[in-house]
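Read through the structure below, which is laid out as structure tokens, and then see the notes.
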Amino acid sequence: MRWKWVYIEDVSRHAGEDVEVRGWLFNKRSSGKIRFLLIRDGTGVLQATIFSPEKCHPLFAQFDALTQESSLIVRGRVRQDKRAPGGYELEIADMETVQIARDYPISPKEHSTAFLMEHRHLWLRSRKQHAVLQVRAELIRAIRDFFDGRGFRLMDTPILTPSACEGTTTLFETQYFDQKAFLSQSGQLYNEATAMAFGKVYCFGPTFRAEKSKTRRHLIEFWMVEPEVAFASLEDIIELAEDLVLFILGRVLSRRRQELDILERDTKPLERIKKPFPRITYDEAVQLLKQKGSAITWGNDFGAPEETMMSEIFDLPVCVTHFPAAIKAFYMQPAPERPDVVLGVDMLASEGFGEIIGGGQRIHDLGLLEKRLKEHNLPRQAYEWYIDLRQYGSVPHAGFGLGVERTLAWLCRIKHIRETIPFPRLLYRIYP
RNA sequence: UCCUCGGUAGCUCAAUCGGCAGAGCGGGUGGCUGUUAACCACUAGGUUCCAGGUUCGAGUCCUGGCCGAGGAGCCA
């Protein structure tokens, strides 16, 4: 007979049927005349059993030879059983060993972070890491569905760029034939051009920052989605950011419950998030933080302790607006009648996870943009095309960037951002 | 880049005042008719990160180096 190859996530639909499962040995146990195999195939974990009153059953010998992470194909009948994890198990009739794994280094007991990072290529198979990356895939799909559903056009901005978008000190330099090029830190400047061509756009890709930062919330290479909308104001863009976050939350909470359970994520703090999120200006935030005992003074950016304090004051994500112009990028539009602050917004996630979104309104006036470039000592020739946008039907416009890994860390309540991407690039680690 | 802590069996850790190198897990062997990180018995397994120094004697003390972790600044 022909055995039907099924994935473990679909196994409950095949109760009573003969099927084939292809996967890896997650764990095994035995008790006299009965043997248990926990098999994973990437979509789930299934318990399979071998039962025989004969001690010398050939399948028993095959079972005994299996080691953790050995690859195998099992065939048998699916049966509903309350005693099995997941409620279904496979009664093995036939088993094929594909390869015996020798000394798999990650045991079911505890390991240090350093050891696990060294074995990241195998750590991905572990239950919690697997769950986090399942949520990541869902998060990315939700982001795309959100923007596509609202008529945004996906614009792929370049990764190799001739100039800096923000500071030049944090750029990765590379050779571009006989000239220098830099790895992109953001697609924003290019998106300002595509927004003038398509009205509302987004880019979604990897970004690179050569910052020597060694914290739980920094990656050297990370993914960012950046919408940009022509004719939009700060107000418009904040609402867009709120809608995006709510859409993502809805998707992940409805479709990835099981993974959040595996991660022991208490979902109540996420479930109570509703529009509108609290909004405060930078001025108000500084006042609040001072009352809470922070040493912050006007004109300084928030540090990690300030972000933690903010999430102790509010139990929803918070939008902080109107930052001092001096601590923000050259392209930020100054507030009307208050030129020392800009129409920018940072969204701080709840539960102490800090900034997940940064954005705002961009300068659309030619003269002001030229003035700012000079003040920031940026080479005009590298920005000619960008300046050009202000000469041909310039309009107010706004956008933001959302960091995928930080958002995922918040959703999964993962302490360190290194677990939110399959192969993290960190300050002192580029292997594996 | 700065501050703090750490490096002992494949892994996670212990080793009192400087005095015989130890446990659990994993591996191996055997047992057990429903296990849930199964359990029980036995068993193999060591360049104590590297180089130098002090000492009768160093995993332990000193000097230098290498590697890692936690935190800070910067940022999404």
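Just so you know, these numbers come straight off a predicted model, no measurement behind them. Letters A, B, ... are given to chains in the order of the sequence lines, protein chains preceding strands, and every chain is numbered from 1.
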Name the nucleic acid region contacted by [X], choosing base, sugar-phosphate or nothing; use a 4.0 angstrom heavy-atom cut-off, strictly under.
X: Phe115(A); result: sugar-phosphate
X: Ile34(A); result: base
X: Leu38(A); result: nothing
X: Thr215(A); result: base
X: Asn27(A); result: sugar-phosphate
X: Gln47(A); result: base
X: Glu118(A); result: nothing
X: Arg418(A); result: sugar-phosphate
X: Pro105(A); result: nothing
X: Glu226(A); result: nothing
X: Ser112(A); result: sugar-phosphate
X: His218(A); result: base
X: His119(A); result: nothing

Taking the same atom, [atom1], in [N] and in [M], what whole-Å distance lies between them?
N: rC40(B); M: rU8(B); atom1: P; result: 28 Å
N: rC61(B); M: rG73(B); atom1: C1'; result: 36 Å
N: rC13(B); M: rG46(B); atom1: C1'; result: 15 Å
N: rA72(B); M: rU48(B); atom1: P; result: 37 Å
N: rG6(B); M: rG45(B); atom1: P; result: 32 Å
N: rC42(B); M: rA23(B); atom1: P; result: 12 Å
N: rA44(B); M: rC67(B); atom1: C1'; result: 30 Å
N: rA21(B); M: rC5(B); atom1: P; result: 29 Å

Can you tell me how far [atom2] of [N] sits from [atom1] of [X], to the nearest Å?
X: Arg35(A); N: rG31(B); atom1: CZ; atom2: P; answer: 9 Å
X: Glu69(A); N: rC11(B); atom1: CD; atom2: P; answer: 18 Å
X: Arg209(A); N: rC75(B); atom1: CZ; atom2: P; answer: 9 Å
X: Gln185(A); N: rC75(B); atom1: CD; atom2: P; answer: 11 Å
X: Lys28(A); N: rG28(B); atom1: NZ; atom2: C1'; answer: 12 Å
X: Ile417(A); N: rG70(B); atom1: CD1; atom2: C1'; answer: 17 Å
X: Tyr88(A); N: rG34(B); atom1: OH; atom2: P; answer: 24 Å
X: Phe400(A); N: rA76(B); atom1: CZ; atom2: P; answer: 13 Å

Residue pair Thr281(A) / Val320(A), side-chain heavy-atom distance below 4.5 Å: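 Heavy-atom side-chain distance check fails, nothing below 4.5 Å.
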Interatomic distance, Thr97(A) atom OG1 to Leu66(A) atom CG [nearest 0.5 angstrom]: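 Nearest 0.5 Å value for the OG1-CG distance: 5.0 Å.
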Among the nucleotides [options], which one has an atom lying closest to any side-chain atom of [X]?
X: Lys212(A); options: rG26(B), rG34(B), rG73(B); value: rG73(B)
X: Ser107(A); options: rG70(B), rC25(B), rG73(B); value: rC25(B)
X: Glu307(A); options: rC32(B), rC74(B), rC75(B); value: rC75(B)
X: Phe222(A); options: rC25(B), rA76(B), rA72(B); value: rA76(B)
X: Glu89(A); options: rA72(B), rG34(B), rG68(B); value: rG34(B)
X: Ala304(A); options: rA72(B), rC11(B), rG34(B); value: rA72(B)
X: Ala114(A); options: rA69(B), rC74(B), rG34(B); value: rA69(B)

Along RNA chain B (nearest heavy atom to each residue), the more 5'-positioned of His111(A) and Arg83(A):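 It is His111(A) whose nearest nucleotide is closer to the 5' end.
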Which residue lies more 5' along RNA chain B, comparing Tyr104(A) with Arg217(A) via nearest heavy atoms: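 Between the two, 5'-proximity favours Tyr104(A).
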Looking only at side chains, do [X] and [Y] share a donor and an acceptor under 3.5 Å apart?
X: Thr420(A); Y: His416(A); value: no
X: Asp148(A); Y: Tyr202(A); value: yes
X: Trp24(A); Y: Asp41(A); value: no
X: Gln47(A); Y: Arg83(A); value: no

Under 4.0 angstrom between Ser31(A) side-chain N/O and rU33(B) OP1 or OP2: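 No.
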Below 4.0 Å: OP1/OP2 of rC40(B) and any side-chain N or O of Arg29(A):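 So the side chain of Arg29(A) is outside the cut-off, no N or O lying under 4.0 Å from OP1 or OP2 of rC40(B).
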Phe423(A)-Trp123(A) aromatic ring centre distance below 6.0 Å: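 For Phe423(A) and Trp123(A), the ring centres are not under 6.0 Å apart.
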is_close_aromatic(Phe147(A), Phe247(A)), centroid dist under 6.0 Å: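 Centroid separation for Phe147(A) and Phe247(A): 6.0 Å or greater.
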Donor-acceptor pair (no angle test) under 3.5 Å: Glu211(A) side chain, rG73(B) base: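 Such a pair does not exist between side chain and base.
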Any donor-acceptor N/O pair under 3.5 Å between rG34(B) base and Arg79(A) side chain: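 Such a pair exists between side chain and base.
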Whether Phe115(A) and His111(A) hold their rings parallel, tilted or perpendicular, with breakpoints at 30° and 60°: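 Parallel, since the angle between the ring planes stays under 30°.
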Row check, Phe60(A) ring normal vs Arg35(A) NZ/CZ: under 6.0 Å, within 45°: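 Cation-pi check for Arg35(A) and Phe60(A): passes.
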List the atom pairs, with distances to 0.1 Å, where a side-chain N or O of residues 347-362 of chain A and a protein N or O form a donor-acceptor pair under 3.5 Å, not counting sequence neighbours.
{"from": "Ser350(A)", "atom 1": "OG", "to": "Trp410(A)", "atom 2": "NE1", "distance (Å)": "3.1"}
{"from": "Glu351(A)", "atom 1": "OE1", "to": "Arg265(A)", "atom 2": "NH1", "distance (Å)": "3.0"}
{"from": "Glu351(A)", "atom 1": "OE1", "to": "Arg413(A)", "atom 2": "NE", "distance (Å)": "2.9"}
{"from": "Glu351(A)", "atom 1": "OE1", "to": "Arg413(A)", "atom 2": "NH2", "distance (Å)": "3.4"}
{"from": "Glu351(A)", "atom 1": "OE2", "to": "Arg265(A)", "atom 2": "NH1", "distance (Å)": "3.3"}
{"from": "Glu351(A)", "atom 1": "OE2", "to": "Arg265(A)", "atom 2": "NH2", "distance (Å)": "2.8"}
{"from": "Gln361(A)", "atom 1": "OE1", "to": "Leu234(A)", "atom 2": "N", "distance (Å)": "3.0"}
{"from": "Arg362(A)", "atom 1": "NE", "to": "Glu228(A)", "atom 2": "OE1", "distance (Å)": "3.3"}
{"from": "Arg362(A)", "atom 1": "NE", "to": "Glu228(A)", "atom 2": "OE2", "distance (Å)": "3.0"}
{"from": "Arg362(A)", "atom 1": "NH2", "to": "Glu228(A)", "atom 2": "OE1", "distance (Å)": "2.9"}
{"from": "Arg362(A)", "atom 1": "NH2", "to": "Gly399(A)", "atom 2": "O", "distance (Å)": "3.2"}

Watson-Crick or G-U pairs under 3.5 Å in RNA chain B, rendered as dot-bracket with [ ] for crossing pairs and | for another strand: (((((((..((((.....[..)))).(((((.......))))).....(((((..]....))))))))))))....
